[in-house]
Amino acid sequence: MADQDIPGIRTYDKPAGGWGALRATARAVREQMDAAEATVTLLRTNKPDGFDCPGCAWPDKKHTSTFQFCENGAKAVTWEATHKRVPPTFFSANTVSSLWRWSDYELEDEGRLTHPMVYNADKDIYEAIGWDEAFARIGEILRGMDDPDTVEFYTSGRASNEAAFLYQLFAREFGTNNFPDCSNMCHEATSVGLPPAIGIGKGTVSLDDFDHCELIIAMGHNPGTNHPRMMGTLHEVARRGAPIIVFNPLKERALERFADPQDALEMATLGSTPIASTYLQVKIGGDAAALKGIMKALLEMDAAAGPDSTVLDHAFIREHTQGFDALAGDLRATAWADIEAASGLAESDLRDVAAAYAQSNATIITYGMGMTQHRTGTQNVQQVANLLLLRGNFGKPGAGICPLRGHSNVQGDRTVGITEKPAAAQLDRIEQAFGFRPPAKHGHDAVAAMQAIIDGRSKALLCLGGNLAVALPDPEACLPAMRRLELQVHVATKLNRSHLLTGKHTFLLPCLGRTERDMQASGPQSVTVEDSMSMVHASRGKLTPASEALRSEPAIVAGLAKATLPHTRVPWMELIADYDRIRDAIAAVFPDFGNYNERIRVPGGFRLPLPPTERVWKTPSGKAQFLLFRGVEEDPVVAGEGVLKLTTIRSHDQYNTTIYGYDDRYRGVFGRRDVVFMNKDDLAELGIREGDAVRVETAFGQGRERRLDKVIAVAYEIARGAVATYYPEGNCLVPLDYHDKVSGTPSYKSVPVRVTRAT
Ligand SMILES: Nc1nc2c(c(=O)[nH]1)N[C@H]1C(S)=C(S)[C@@H](COP(=O)(O)OP(=O)(O)OC[C@H]3O[C@@H](n4cnc5c(=O)[nH]c(N)nc54)[C@H](O)[C@@H]3O)O[C@H]1N2
Ligand SMILES: Nc1nc2c(c(=O)[nH]1)N[C@H]1C(S)=C(S)[C@@H](COP(=O)(O)OP(=O)(O)OC[C@H]3O[C@@H](n4cnc5c(=O)[nH]c(N)nc54)[C@H](O)[C@@H]3O)O[C@H]1N2
Ligand SMILES: [Mo]
């Protein structure tokens, strides 16, 4: 939206991608790397013998394709491969209290950590420490804990399969299943919502399916920023004329039109391709209602078409599913007026979607955080499965469910055992392979772990990457709790705010990144990762490590484990001498990884089994299950005069809590992040003008005032009643226990708020 008078807010009328993306890439390279080195490095991204892009989990054509240009992939790579360094002298010159006043951007922009560090509370600085001494001291503190369940083992989704597998082995031999994981803030609704529906908590499509689909329904994700390589796929689908129906409260430029930098003609002519054929600005939290509307319309069309109707896939429903009658009954009992009110969409629009869906012989539904980060996230995901099941959109080319995973290996980490609720079979096989009995008692997910830290029940936190305290909701509760911890260990590439929340003993252990050479006793190593489509493949860095003192994540985990567990049954040093041995161990515990080492030597790797693609349903009944969403509202608790719904989103210049810069080009915001996007009619109704300073307050206190100040209102094409601000700035508005009770996912995308003009 244009208002020339507000600094940094101006209309961006260009398509997503295009020359703007090339310019932004050049800038990222210039600011972080030597240009020649950057070119070579970027060319190795996602190549068969290269490294896996740490930017996102979208697959690429068999990992064998020619270089695929991707602006935000380039930012992720150059941010890691930067020439900037944070050596011990940096820490002696800056107290932790003084660093606290730095912005998140400034902290990470200082560059790569180079040495293991330990916090000295007397001097309020981090000091260098040798690896062996760090391991020994951490081991001693951990051994001194009277209960292993007072220790939390957090994983962020960049960790490789090899690192994650060793990490869960360490924690379990130590004696706990406390595995808070970034997935608990992300796609947990998928991991727990889909198994009862289709028998597996993962997506079912492959890239090839996008060549065959006749319709895509894209819900609650912003690929132009967060899964940029997906834009190439959407561009192709749109070009061959298949409809793409978008559900998103915000108009996202990349979903409107995109110029593919791979397309010479489009670039030369400054052309672009429309992406969405229909763009429905659903209300925040209105997706389940919208899906129910589409299903209701479908049922009505089916009835009207008579006994031979093909609107529903009756044969599939009969042979492969359970629960259809209950679903149909619930849909009949749901009134159109309620669906319209909750979704903010017209009955006629939803009927049009149903008609397009009924026409399509192969449909893919893609979805992201706009669906999962709600109090009803699990049920939202299940409604997606319901809609697909009604027309048999599993187990045929061009069809299926496509959750867009977050971190580049968040899916793999879960596959190799990072879970607070381990299956009995997993524990049995660990015992067979290593000769110790792992604990069976369920542990903590991310919210439960932080709750335990707040309550003082948990006393130590180990973090394999990430920025947990900043990523979680409710900084007012989380940040002070971190400081009360007895022990914190952060395995990290760059400095972030969680590292500054020092406890009694705090260690920073710097690790290699994906782009760097990982040299072990047997020579250079590869790691493996699993993308959003269950493809497992190798990743090998080639760059000289940022410092000679860095160690790989597997080596750090092994060092910690060995120092902590004097009677360990695991041959840690043998395992890390040659990662093939870690992979053999993974295969011993997880049979789906049979012949792991052979299969990753093939370019592109291999695909893990996905039974729904063969119409095999690993549910208790052996059938796919329709699951109900009762009513239409995700959260009837808080409504009322002046209450709006807030969602927290990523800008184009950030990677989760990592802020690369202050522009959000496609949304027309430059050089600032202190904005609240609002519908112009809501602004008018509230007597707020664009550019006014406003206060956003959570509409239910839960005993505490929660507000975001020092932000300005920006008029945006956003659904009525919807408000959006950036993550993590908006996290202060989200109560920690305001989450999906089934998956534990915080409701980051739907918080009832009031917005007032600041006085
Ligand atoms: N460059 C970059 N890439 C990333 C990341 C990053 O931060 N930067 N993060 C990675 C991670 S961990 C993840 S999980 C993914 C995140 O990828 P996305 O899921 O795309 O992430 P978000 O920015 O959170 O936004 C989701 C979209 O949901 C919409 N939305 C908000 N509320 C609702 C709602 O109620 N209904 C619907 N239908 N839509 C809604 C928002 O307008 C926004 O367009 O990306 C991964 N890739
Ligand atoms: N309000 C709100 N909050 C959210 C979300 C939201 O949409 N809205 N999204 C949620 C989601 S989807 C997620 S996934 C979480 C993200 O939560 P996290 O995964 O915990 O956070 P990140 O910001 O990805 O972590 C960044 C840090 O990881 C470290 N790092 C980077 N690369 C590596 C590496 O290769 N190895 C190691 N060991 N460390 C590395 C760096 O030190 C960097 O500072 O946040 C959640 N929080
Ligand atoms: Mo995520």
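Along the sequence shown, the residues carry numbers beginning at 1. Counting starts at 1 for both ligands and their atoms, in listed order. Atom set for the values below is all heavy atoms of this structure, side chains included, hydrogens, waters and symmetry mates excluded.
- Between Q654 and D664 there is no side-chain heavy-atom pair separated by less than 4.5 Å.
- Between H490 and H499, the ring planes lie tilted relative to each other; the angle falls in the 30° to 60° range.
- Contacts of N656 with ligand 1, taken as heavy-atom pairs under 4.0 Å, involve both backbone and side chain.
- Taking the centre of each ring, Y119 and F507 stay at or above the 6.0 Å mark.
- Here the shortest heavy-atom distance to atom 41 (C) of ligand 2, taken over V410, T493, N409, belongs to T493.
- Among all non-hydrogen protein atoms, the one lying nearest atom 20 (O) of ligand 1 is N222 N, 2.8 Å.
- Looking at H652 against ligand 1, nothing comes within 4.0 Å, counting heavy atoms.
- Using a 3.5 Å distance cut-off with no hydrogens or angles, the side chains of E106 and S103 do pair a donor with an acceptor.
- In this structure, atom 13 (C) of ligand 1 lies nearest to the protein heavy atom G406 CA, 3.2 Å.
- The aromatic rings of Y660 and Y655 lie tilted to each other, with the angle between the two planes from 30° to 60°.
- If you check which protein heavy atom lies closest to atom 8 (N) of ligand 1, you get Q654 O, 2.7 Å.
- Below 30°, between 30° and 60°, or above 60°: for Y12 and Y666 the angle between ring planes is between 30° and 60°, a tilted geometry.
- For ligand 1, the polar-atom distance check finds no N/O of T648 at less than 3.5 Å from any of the ligand's N/O atoms.
- Of the protein's heavy atoms, G285 N, 2.8 Å lies nearest to atom 35 (O) of ligand 1.
- The proximity of R650 to ligand 1, defined as any non-hydrogen pair under 4.0 Å, involves the side chain as well as the backbone.
- Contact annotation: H490 has no heavy atom less than 4.0 Å from any atom of ligand 2.
- With rounding to the nearest 0.5 Å, the separation of CZ in R551 from SG in C511 is 12.5 Å.
- Where the criterion is an N or O separation shorter than 3.5 Å, residue side chain and backbone included, L512 fails it with respect to ligand 2.
- Both tests pass for R673 against the ring of Y726: distance under 6.0 Å to the centre and angle within 45° of the axis.
- For atom 1 (N) of ligand 1, the closest non-hydrogen atom of the protein is T225 O, 3.1 Å.
- Considering only non-hydrogen atoms, atom 44 (O) of ligand 2 lies nearest to E108 out of K494, E108, R497, E188.
- In terms of protein heavy-atom proximity, atom 32 (N) of ligand 2 is nearest to R158 NH1, 2.9 Å.
- Of the candidates Y655, F247, Y660, W58, the one placing a heavy atom closest to atom 4 (C) of ligand 1 is Y655.
- If you check which protein heavy atom lies closest to atom 21 (O) of ligand 2, you get N467 N, 3.6 Å.
- T155 and D413 are not linked by any side-chain donor-acceptor pair at a separation below 3.5 angstrom, with hydrogens and angles left out of the test.
- The heavy atom nearest to atom 7 (O) of ligand 2, out of those in K749, H407, R112, is found in K749.
- Neither side chain, N380 nor Y367, offers a donor N or O lying under 3.5 Å from an acceptor on the other.
- For atom 39 (N) of ligand 2, the nearest non-hydrogen atom of the protein is G465 CA, 3.4 Å.
- At a 3.5 angstrom cut-off on N or O pairs, D287 counts as close to ligand 1.
- K202 and T415 are linked by a side-chain donor-acceptor pair at a separation below 3.5 angstrom, with hydrogens and angles left out of the test.
- Taking a cut-off of under 4.0 Å to the non-hydrogen atoms of V491, the atoms of ligand 2 that pass are 37 (C), 38 (N), 39 (N).
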_Could you go through F153 and F170, starting from their C-alpha distance and side-chain angles, then the distance that decides it, and tell me whether this counts as ring-ring contact (aromatic ring centres under 6.0 Å, His included)?_
CA-CA 10 Å; F153 290 82; F170 167 33; 5.4 Å; yes

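- The side chain of V282, and not its backbone, has at least one atom closer than 4.0 Å to an atom of ligand 1 (non-hydrogen atoms only; side chain from C-beta on).
- Below 4.0 Å from some heavy atom of Y154 lie the following atoms of ligand 2, by number and element: 17 (O), 18 (P), 19 (O), 20 (O).
- When each atom of ligand 2 is checked for a heavy atom of M185 under 4.0 Å away, the hits are 10 (C), 11 (C), 12 (S), 46 (C).
- The proximity of N496 to ligand 2, defined as any non-hydrogen pair under 4.0 Å, is limited to the side chain.
- Atom 17 (O) of ligand 2 has its nearest heavy-atom neighbour, among A471, S160, S747, S156, in A471.
- Residue contacts with ligand 2 for C511 involve side-chain atoms from C-beta outward but no N, CA, C or O (heavy atoms, distance under 4.0 Å).
- Counting heavy atoms under 4.0 Å from ligand 1, residue Q373 does not touch it at all.
- Other residues, nucleotides and ligands contribute only 12 or fewer heavy atoms inside 6.0 Å of the CZ atom of R27.
- For a threshold of 3.5 Å applied to N or O pairs, the pair formed by H499 and ligand 2 contains no separation below that value.
- Considering backbone and side-chain N/O of P249, none are found under 3.5 Å from N/O of ligand 1.
- In summary, the atoms of ligand 2 found under 4.0 Å from a heavy atom of E553, numbered by their order in the structure, are 36 (N), 37 (C), 38 (N).
- Scanning the protein heavy atoms around atom 31 (C) of ligand 1, the nearest turns out to be T647 OG1, 3.1 Å.
- Taking all heavy atoms of G368, G220, S183 into account, the minimum distance to atom 26 (C) of ligand 1 is reached by G220.
- Around atom 33 (C) of ligand 1, the closest heavy atom drawn from A254, A722, G370 belongs to G370.
- When only non-hydrogen protein atoms are considered, atom 15 (C) of ligand 2 lies nearest to Y727 OH, 3.6 Å.
- Residue contacts with ligand 2 for R514 are absent, since no atom lies close enough (heavy atoms, distance under 4.0 Å).
- In terms of protein heavy-atom proximity, atom 19 (O) of ligand 1 is nearest to M369 N, 2.8 Å.
- Atom 45 (O) of ligand 1 has its closest protein heavy atom at N226 CB, 3.3 Å.
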